[in-house]
Amino acid sequence: MSIFEITIVILIISASAYFFGVRKIVSLSAKYKKKPDSLMKYYGKNAVIWAFVPAFSMLVAYSFLAPVYIETVFIDKLSKIFPEYQQSQLNLVYAQVQNIASGFLESSDVQLLALSEQLTSWNEKAQSTRSWVILLVLIGTSALGYNKIKLRFPARVKVEQFFERLFLGAAVTAILITIAIVVSLMFEALRFFEVYNFFDFLFGTHWSPNIAIRDDQVGSSGSFGMIPVLAGTVLIAFIAMLVALPIGVFSAIYMAEFAPRGLRDIIKPTLEILAGIPTVVYGFFAALMVAPFFRSIGLSLGLDVSSESALAAGAVMGIMIIPFISSLSDDVINAVPQSLKDGSIGLGATKAETIIKVILPAALPGLVGAFLLAVSRAIGETMIVVMAAGHAANLTANPLEAVTTVTVQIVALLTGDTVFDSPKTLSAFALGITLFVATLMLNIAALTVSRKLSEKYD
Amino acid sequence: MTIDSKIQVRNVNVYYGNAQALYDVNLDIKSKEITSLIGPSGCGKSTFLRCLNRMNDVIEGCRVEGNITIDGENIYSKDKDPVLLRARVGMVFQKPNPFPKSIFDNVAYGPRIHGLAANTTELREIVENSLEQAGLMDEVKDRLNESATGLSGGQQQRICIARAIAVSPEVILMDEPCSALDPIATARVEELMGNLSINYTIVIVTHSMQQAARVSTRTAFFHLGHLVECDETNKIFTTPNDKRTEDYITGKVG
Ligand SMILES: Nc1ncnc2c1ncn2[C@@H]1O[C@H](COP(=O)(O)OP(=O)(O)O)[C@@H](O)[C@H]1O
Ligand SMILES: [Mg+2]
């Protein structure tokens, strides 16, 4: 049976488990003239869980593990046939055999054909075993679940418990994946610090990672001082916030306090559409329109603006962040209780006085939170800076020059021909972990501050 | 039309969008006296109260028709600024709503925006005087710089009263000021209202008939957006003119 057919069978059995479960508890209840511990439907649900979950998990596990198992055993067999081959060559042969077996490849080699036939028969065997195993599990656990149904069985508690564990499992998976990513990042970063001094990385002011790919080339050691890269990131994020913060917050104030309901219902979604534009679009907007525009303005003023500038990238990034800030700020401002606004208006304060003296101070923690989240987005943003900020690791505070950022460098380090254990490649992980730590701290700070807001009005 | 009436309300109709909330209300409110407004929930008491300091202006879709004069000036005439009016007619709300600022800054809020104090000494005087009048000075004099939101509900409500007094209004409107307070705090606020009525004209909305009987000289009874009658409190509670008033105060309707 195919996976699809097995799934159908599992579903049918599970559905009927519900009716059998309910029927059993109804008849038990009638026989002993007693009410069961839980509502009837929970006995049905409990039966469904017993029927469905073990069999389906089995199906999923089998589908993932069986190919791996077959591969291991088959390669083991190949290694006996070709004792002189290395692991990578064996893998290659296996891939070939696999392709012949599934008909993607044709071959006249007798030995390969024989092997592929063998693989096909293995696969078929695995498939039929799968059907039997799963049907067995399905029937076994269904019967077990059916058997558990008694008047004094707390079905509702068990069902709730099951869902609690299911949700817990999902949460734990998400956390574990995050941890796994961070750990692997850390491992690679540590390998980098084995060959490059940690403090030279952290405080060095010279960034030129261009190591020769071949060992015998001259000038094969790069320089990995992070400061210019970090400075570029900060400069661009700063320019972005300079654009986004006033426009974002002011538009939020307008939406929350001045705009009539109908207009607000138009403005807010429009701004949110702005947030949905892919960053690559902003990127070429920055590179092809904004940067040349700034350059021509600069020229007419007698300023030397480079064609890729921190200003262009930062300004466009600011535009990208506006909806983010205005939407968050709007929520925060709306969360300030109407009673406070009434209190201020009732004392004869004007709308502006109320906004400045009551609403903004009350919303401040939330606004700071929004601001920090926006900064952490600006720091992590990649596409715009890759396209518009340049690659030159200049240590400068002049927004008219080209700078580079952490994210740009990571992209540069990992694209093109790379050797996986050269310092050049590994330094990307060091940059990555730096970026991670920076945004993590910003997010923690943001959370802490905004939590203060909710404390105040409880 | 009596000479000593502070506020005169003539033919007032109020609409929220298309729904009418008040119908042709006529009422005289006397100076330096407590007038209470009673009636079942949703009959328009709060709406009426908000007409008196034009707080209805800030509610989207709310429309007020008719004439309301304070000391003979029409507060709804085109050349009148509602912001200035609200400094003359203070308001205390149902739920205590101190700003999340210090006690001092709460009371100093009004004087600051209206520029009532020339320097910090004067400001301090106004604040202390207001707290004194609100009967709070003894309780808070050592912690004027602490947050007002940390006070008890009753204290918070008296801060709000002190905050209203600080701008030296002529009229104080109170919308169910004790509904969120316990009996002891309620008693204190009622006592305070009695003291304030020597200097201020007070209009209070209350859902408690006992409270109306205890504190007010005159009582107005509202029903379904109509002002049914307004008279001496004694008279309303003993020999009301209207059957609806009688049913309400004897507890026959909600
Ligand atoms: N902001 C508002 N928008 C729409 N309708 C309102 C608003 N405030 C009050 N109303 C309506 O006006 C009527 C009177 O309300 P209100 O003055 O609050 O009554 P009360 O204070 O006597 O309980 C009610 O029917 C209420 O639904
Ligand atoms: Mg009310």
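These numbers were taken from a predicted model, which means no experiment stands behind them.
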Heavy-atom distance under 4.5 Å to chain A: side chain of [X], backbone, both or neither?
X	result
B/V89	backbone
B/V83	both
B/P169	neither

[atom1]/[X]: more than 12 non-hydrogen atoms of other groups inside 6.0 Å:
X	atom1	answer
A/Q338	CD	yes
B/N18	CG	no
A/M289	CE	yes
A/F293	CZ	no
A/R264	CZ	yes

Side-chain atoms of residues 240-259 of chain A: list all donor-acceptor pairs with protein atoms under 3.5 Å, sequence neighbours left out, distances to 0.1 Å.
unit_1	atom_1	unit_2	atom_2	d
A/S251	OG	A/I247	O	3.1
A/S251	OG	A/G248	O	3.0
A/E257	OE2	A/K341	NZ	3.1

Over all atoms of both residues, closest heavy-atom pair of [X] and [Y]:
X	Y	answer
B/Y109	A/S344	OH-OG, 2.6 Å
B/K101	A/P361	NZ-CG, 4.5 Å
A/K357	B/I113	NZ-CG2, 3.8 Å

Non-neighbouring partners of B/E132 that pass side chain to side chain donor-acceptor pair (under 3.5 Å), sequence neighbours left out =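 For B/E132 there are no side chain to side chain donor-acceptor pair (under 3.5 Å) partners, ignoring immediate neighbours.
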ask   = Would a distance-only check, ignoring hydrogens and angles, find a side-chain to backbone donor-acceptor pair under 3.5 Å from B/N97 to A/L340?
value =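 Looks like no, no N/O pair under 3.5 Å.
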request  = Starting from the C-alpha separation in whole Å, work towards a yes-or-no answer on side-chain contact (heavy atoms from CB on, under 4.5 Å) for A/S339 and B/F93.
outcome  = CA-CA 8 Å; A/S339 67; B/F93 297 83; over 6 Å; no
request  = Enumerate by number any residue of residues 345-356 of chain A whose heavy atoms lie under 4.5 Å from heavy atoms of chain B; in the absence of such residues, state 'none'.
outcome  =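 At a heavy-atom separation under 4.5 Å, chain B is reached by A/I345, A/G346, A/L347, A/G348, A/A349, A/T350, A/E353, A/T354.
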inquiry  = Does anything in residues 157-165 of chain B reach chain A? List residues with heavy atoms under 4.5 Å apart, or say none.
reply    =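 From residues 157-165 of chain B, the residues near chain A are B/R163, B/A164.
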